[in-house]
Amino acid sequence: MSEELKNKLFNNKENGWTNLSNETINEINNYSEKYMKFLNSAKTEREFIKQARKLADENGYKDIMEFETLKPGDKIYFINREKSMYLAIIGEEPIENGLHIIGSHIDSPRLDLKPNPLYEDTELAYLKTHYYGGIKKYQWTTIPLSMHGIIVKTNGEKIEINIGEDEKDPIFTITDLLPHLAQEQMEKKLKEGINGEDLNLLVGSMPYNSEKISENVKLNILNILNKKYGITEIDLNSSEIEIVPAFKARSLGFDESMVAAYGQDDKVCAYTSLSAMMKLKNVKNTAVCILSDKEEIGSMGNTGMESHMFDFFISEILNKLGINKPNLLDRVFCFSKMLSSDVDAGFDPIYSSVSDKTNAGYLGKGVTLNKYTGARGKSGASDANAEFVAWVRNVLEKNEIKYQLTELGKVDIGGGGTIAYILANKGADVIDCGIAVLSMHAPYEVTSKYDIYCAYKTYKAFWEE
Ligand code: MN
Ligand code: MN
């Protein structure tokens with residue numbers, strides 16, 4: 001009797017794996033395989049865009065610049081400087097009724113090479129780095145690292161670098177002190193244990209020849225780079241080279257229920273939304289997928305969400321629909337709905353003290369919805385309206401998708417940011433909707449395959465609404 005009433009009245013956040021059919025479990029596993037494969041070929045924003053473009057082309061999407069005019073059903077994309085991308089399907093409804101936007105980011109914490117990176121010390125060659133985004137520096141030492149990016153010569157020639165992913169490639173690493181000599185280091189606060197200026201990548205130890213000249217090892221490295229890429233040291237001035245973990249995405253656990261991989265913040269939401277968009281046929285409201293850059297460092301710059309590039313893309317759509325007029329862009333945004341698809345802190349029982357158990361996001365319990373993400377008094381938060389939360393809940397419940405309303409950590413501890421506020425400031429209804437992650441921002445992040453599949457279904461349902 002009370003048991004029945006309890007089931008009826010309580011918000012039972014059940015484990016999503018319970019009572020799943022074998023068929024559904026197979027679907028989840030197959031989807032995760034594709035996701036992991038994609039991640040392995042898309043560790044940086046440029047690589048992600050390359051793969052995303054391939055997928056879009058295969059699915060009938062075309063560069064918006066190829067269109068003179070647009071009509072409902074047209075599938076388009078725009079790539080911004082190889083680092084961010086917007087995709088859309090023109091809806092049946094008049095576009096002034098608003099867009100259905102899903103926005104994620106494809107940049108992840110990492111180490112960038114400095115503009116003058118190469119030096120030699122005591123016959124060892126190193127590349128200096130400047131870390132990108134919020135990292136715990138000690139996590140980036142003594143792990144295999146790979147090198148990805150581009151070097152652009154003054155004549156415009158662009159050289160692509162990808163070293164350390166192929167089994168036959170060498171890898172790189174950052175050394176750390178042996179425990180025997182680390183007494184002083186071990187007394188330091190964790191955040192001071194490794195100095196940012198000491199995150200130097202070990203890249204060589206062999207002199208060019210036996211002649212007694214200075215920086216013989218550095219010379220050897222430059223000679224190798226010159227032979228392989230035709231560059232000299234100064235060409236590194238105009239390069240963007242990212243150092244990321246060389247680990248592959250793998251299934252995690254005896255039950256293989258989780259994914260361990262680098263860069264799941266936020267490529268897990270980017271992939272799930274992108275692949276959901278590829279499955280869309282005709283949509284009522286114009287569906288827009290944002291893959292943005294620079295979220296991890298504040299969304300600034302011309303590839304970040306704060307730039308006007310997104311407005312430009314939507315304006316181009318209005319132009320090519322032949323309906324643009326003053327203030328129409330503002331109107332379109334004001335009537336738009338958006339899921340800011342970004343990862344959430346997963347509840348970690350080993351570090352339970354930082355979370356409020358009643359409002360934490362759990363692995364395997366479906367997508368997480370963050371009504372707000374601000375820290376200590378909701379500072380800086382884009383707080384979704386209750387009406388919009390109810391609208392999103394309705395979409396999820398109609399489609400039988402598990403979800404959890406969550407907060408990122410305890411009131412006076414937590415807080416984070418996403419691109420939610422940027423679109424909310426333009427007038428759209430926005431809520432954060434993503435996936436709980438363990439070890440967020442670490443070289444190896446953990447997610448649940450169940451949640452990944454839920455996110456895919458959520459994004460598809462939102463666009464099909
Ligand atoms: Mn994120
Ligand atoms: Mn992040």
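Positions are given from 1, in the same order as the sequence printed here. Numbering of ligands and ligand atoms starts at 1, following listing order. Computed from heavy atoms alone, side chains included, the values below leave out hydrogens, waters and symmetry copies.
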- Message: If you take the centroid of each ring, where Trp contributes its six-membered ring, are F247 and Y262 closer together than 6.0 Å?
- Response: no

- Item | Validation row, ring centre H441 to ring centre W140 under 6.0 Å | no

- Atom pair CD/OH of E192 and Y138 - distance to nearest 0.5 Å: 14.0 Å

- Task: Could you tell me the separation between the NZ atom of K279 and the CH2 atom of W463, rounded to the nearest 0.5 Å?
- Result: 13.0 Å

- Closest approach to the Mn ion (ligand 1) by D342, given as the N, O or S atom name: OD1

- Query: At the Mn ion (ligand 2), what angle lies between atom OE1 of E296 and atom NE2 of H441, rounded to 10 degrees?
  - Reply: 80°

- Query: With E465, which of K460, K398, K337 fulfils salt bridge (charged side-chain N to carboxylate O under 4.0 Å, His left out)?
  - Reply: K398

- Please confirm whether K365 makes a cation-pi placement over Y362, using NZ or CZ under 6.0 Å from the six-membered ring centre and within 45° of the ring normal. yes

So, 2.8 Å as the limit: is an N/O/S atom of [X] located closer than that to the Mn ion (ligand 1)?
{"X": "C269", "value": "no"}
{"X": "D266", "value": "no"}
{"X": "E295", "value": "no"}

- Considering only N, O or S atoms, which atom of D265 is nearest to the Mn ion (ligand 2)? OD2

- Does H105 bring an N, O or S atom to under 2.8 Å of the Mn ion (ligand 2)? no

